[in-house]
Each structure stands twice: as structure tokens, then as C-alpha cells.
Amino acid sequence: MSGDSLFGVHGAALEVRSQRMGVLASNIANASTPGFKARDIDFKSALASLETDGAGGIDAATKYRVPTQTSMDGNTVELNQEQTAFAENAVQYQTTLSFLNGRISQVTRALKGD
Amino acid sequence: MANAPMTIFQVAGRAMSAQLLRMNTTASNLANAGGVAGSAEAAYKTMKPVFRTSFDAASGMSTVDVEKVVTAGEAPAKRYDPNNPMADKDGNIFEAAVDETRELVDMMETARSYQNNVEVMQTAKSLIIDTLKLGR
């Protein structure tokens, strides 16, 4: 579906990255809420289902995190993991943005013909 | 705007408010540590906020709300001190039930959580600004 569009896979990728940023922000916000279960988006399956099922596909790829250490209050947020994932996702978001920017300037140059 | 999808700024912002309220209760607890009263009822008791997750189905994000503030911790300690002007008719005073060590640990955790949310907000802001500049 996206293979022949102007931006290729990067439009859908930006959507998934943006959603993942929200999910990770929710985890960090709930770091001290008893009973909160941390979630994360599996990028690969989210991207695949976004291209087949549309916007609802990301929800299907949102899964609960399996904690490496359980806490007594039932909270499964591990801050170091969340912060790493958030930083990683921010860099990946920026990468997708530069891919998009590259494509835009490429097309603009082709249209101007210089 | 009641049913508009939640934004990442609301997620981090409300979490910051919740942590700030927690910091306020900690400050109150520490300020009242060592205070005495003439009865067990009048003595200061530790205050603790109760956090609850607030899930927004439209955006799939969840933030934090302070459900209520409860008095928690031990009962005020009774001590015999007839010379104290606050002493009751039996000569007892009641000391505020505040565990200072626990409060200080709580304060550190609160400050760290708050900082994390500030960091999230700054990152989200710069990424959104970069997205707006797309193609320029």
C-alpha cells in the first residue's frame, strides 16, 4: 500500500513512533502508581498491521511489558528501561523526520528542475 | 474539549501536578515532625496522596491523578512530660507520627519522578517542533 506513495514507509513509521512516544510517556508518568502495568509497542508488528488494517492496527501491537523484577505494589514500570526506550524512540523519530525531509527536498528539487 | 484525545503534554503535565502534590504532603509531614499536641486526636498524622491511573481510550495513553490524600502511618507516640504546657491532665503529650527517614526517601523519589516528566515533555516538545518544520 505505502510502497508506491510519496513518502514510502516513513509516513506510517512516524505514526508508530509518535504513538510509541505516548505509550512510553504514560509509563514514565505512572512510575509511582500502584498496580500500573507498563505497556510498549512492538514496532515491527505495529508497522505491518498499520499497513494492512489502518490506524487500529497499532492498538493490536501494544503489549504489556514483562517485568524483569516484580515490585510489591504491582507496578511493572522499570524506570531505567523506560528512559532508555524513550531516548531510543526519540532518536528514531528524528531519523524518520530526516528521511521525510530528504524526500521532500528531493521532490522539490525535481519539480523546480534545477 | 472534554472528549478530545489526550496529548503527551497532558500526560506529563498531570503527572507533574501529582508529583508536586506528593512533594507538598512530604513538606507538610517534615514540617510537622517533632510537633506535640495535648491529645492523640489533635496530634499531627502523616499525610500521603493516593495515585490512580487515568486511562484515555481515544489516544491509548494514560496519566496520573491524585485520587485522595489520606492520613497514614503509625499512631502518635504518647510520652509522659508533665512540665510541657501542652500536656493533658495525666501529664502526657502526643508526638506527631512522622517517619522522617521515610519522608526524605519519598522526597527524593518524587523529585526524580518530576524530573523524568520534565524530560519527557522537553523531548516531546522538540520533536513536535521538528515535525512542524518538515519540508522547510
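In what follows, chains are A, B, ... by sequence order, proteins preceding strands, each numbered from 1.
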Query raised in the report: Are B:Y114 and B:M121 in one and the same hydrophobic cluster, where Ile, Leu, Val, Met, Phe, Trp and Tyr link if side-chain heavy atoms are under 4.5 Å apart?
Result: yes
Report task. Check the hydrophobic clustering (I, L, V, M, F, W, Y; side-chain heavy atoms under 4.5 Å; chains of links allowed) and say if B:V66 and A:V77 are grouped together. Result -> no
**Report entry** Proximal component of B:A124, with respect to chain A [non-hydrogen, under 4.5 Å]
**Finding:** both
**Report entry** Same apolar cluster (I L V M F W Y, side chains within < 4.5 Å links), B:F9/B:V118
**Finding:** yes
**Report entry** Taking every non-hydrogen atom, the tightest pair across B:D130 and A:Q94
**Finding:** OD2-NE2, 2.6 Å
Requested in this report: Please confirm whether the backbone N or O of B:S62 pairs with a side-chain atom of A:N30, one donor and one acceptor, at under 3.5 Å?
Outcome: yes
Report task. With a 4.5 angstrom heavy-atom cut-off, could you sort out which part of A:S105 is near chain B: side chain, backbone, both or neither? Result -> neither
Report summary line: Between A:A29 and B:N117 the two heavy atoms that sit nearest each other are CA-OD1, 3.6 Å
Report task. Write down the atom of B:M61, the atom of A:G22, and the distance for their closest heavy-atom approach. Result -> SD-CA, 3.2 Å
Query raised in the report: So with a 6.0 Å cut-off around CZ of A:F43, is the heavy-atom count from everything else above 12?
Result: yes
Requested in this report: Counting only heavy atoms closer than 4.5 Å, note whether A:L24 contacts chain B via side chain, backbone, both or neither.
Outcome: neither
Query - Reported CD1-to-OG distance for the pair A:I28 and B:S113, which is rounded to 0.5 angstrom - result: 10.0 Å
Query raised in the report: Is there a chain of hydrophobic side chains (I, L, V, M, F, W, Y, each step under 4.5 Å between heavy atoms) that links A:L6 to A:L14?
Result: yes
Query raised in the report: Is the count of non-hydrogen atoms from other residues, nucleotides or ligands lying under 6.0 Å from B:K78 atom NZ greater than 12?
Result: no
Query - Close side-chain approach of B:N116 and A:Q83, heavy atoms under 4.5 Å - result: yes
Query raised in the report: What pair of heavy atoms forms the shortest contact from B:K133 to A:N101, and how long is it?
Result: O-OD1, 4.5 Å
Query raised in the report: What part of A:R39 is in contact with chain B, defined as an atom under 4.5 angstrom from a non-hydrogen atom: side chain, backbone, both or neither?
Result: side chain
Query raised in the report: Do B:S59 and A:Q19 come close enough that some side-chain heavy atom pair is under 4.5 Å?
Result: no
Report task. Indicate yes or no: at least one non-hydrogen side-chain atom of A:P34 is less than 4.5 angstrom from one of B:R52. Result -> no
Query raised in the report: What distance do A:S18 atom OG and B:I8 atom CD1 have between them, rounded to the nearest 0.5 Å?
Result: 7.5 Å
Query raised in the report: Same hydrophobic cluster for A:V23 and B:V64, using side-chain heavy-atom links shorter than 4.5 Å among ILVMFWY?
Result: no
Requested in this report: For chain A, find which of B:V11, B:T7, B:I128 contributes the most heavy-atom pairs closer than 4.5 angstrom.
Outcome: B:V11
Query raised in the report: Under a 4.5 Å cut-off applied to non-hydrogen side-chain atoms, are A:Y93 and B:T131 in contact?
Result: yes
Query raised in the report: Who among A:N27, A:T96, A:L79 has the most heavy-atom pairs with chain B under 4.5 Å?
Result: A:L79
Query raised in the report: For the candidates A:T62, A:L100, A:I104, A:T33, which exhibits the highest count of non-hydrogen atom pairs separated by less than 4.5 Å from chain B?
Result: A:T33
Query raised in the report: Is there a side-chain contact between B:T63 and A:S26 (heavy atoms, below 4.5 Å)?
Result: no
Report summary line: When the 4.5 angstrom heavy-atom criterion is applied to B:L134 and chain A, the contacting part is both
